[in-house]
Amino acid sequence: MPNCELIPDCPFFNDRMGTMPALMGMYKIIYCSEDSSQCARYRVYQRLGRDIVPPDLAPHMLSEAEAILSGR
Ligand code: SF4
């Protein structure tokens with residue numbers, strides 16, 4: 001899969017989310033460059049739209065994304 005289409009405006013990718021995990025650089029490779037379909041932010045964006053993605057949702061936070069997608 002090509003680079004994520006959200007890279008230009010993504011606060012995670014552009015380091016605008018404050019304190020982030022030490023593995024941030026690795027996450028950018030795994031999610032942003034290789035497979036955005038596994039990214040929590042991208043999943044919420046895809047199903048519910050950009051405005052619904054929480055500002056502090058990091059790519060690895062899949063259980064939080066599932067909670068949002070299931071309306072919990
Ligand atoms: S994969 Fe996720 S974190 Fe990376 S640019 Fe896309 S939406 Fe942002």
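What you see is a predicted model; the values in this text were computed from it and never measured. For ligands, and for the atoms within them, numbers begin at 1 and follow the listed sequence.
Under the 4.5 Å side-chain contact rule for hydrophobic residues, M17 and L23 share a cluster.
The aromatic rings of Y42 and Y45 are tilted relative to each other, their planes meeting at an angle between 30° and 60°.
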Show your reasoning for whether salt bridge (charged side-chain N to carboxylate O under 4.0 Å, His left out) applies to D15 and K28.
-> CA-CA 11 Å; D15 303 327; K28 286 183 181 180; 2.8 Å; yes
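For I52, the side chain to side chain contact (heavy atoms under 4.5 Å, CB included) test picks out V44, L48, I68, with sequence neighbours left out.
Judged by distance alone, with hydrogens and angles left aside, the side-chain atoms of D35 form no donor-acceptor pair with the main-chain N or O of Y31 at under 3.5 Å.
Sorted by chain and number, the protein atoms of type N, O or S within less than 2.8 Å of atom 8 (Fe) of ligand 1 are C10 SG.
The closest side-chain heavy-atom distance from R41 to L6 is not below 4.5 Å.
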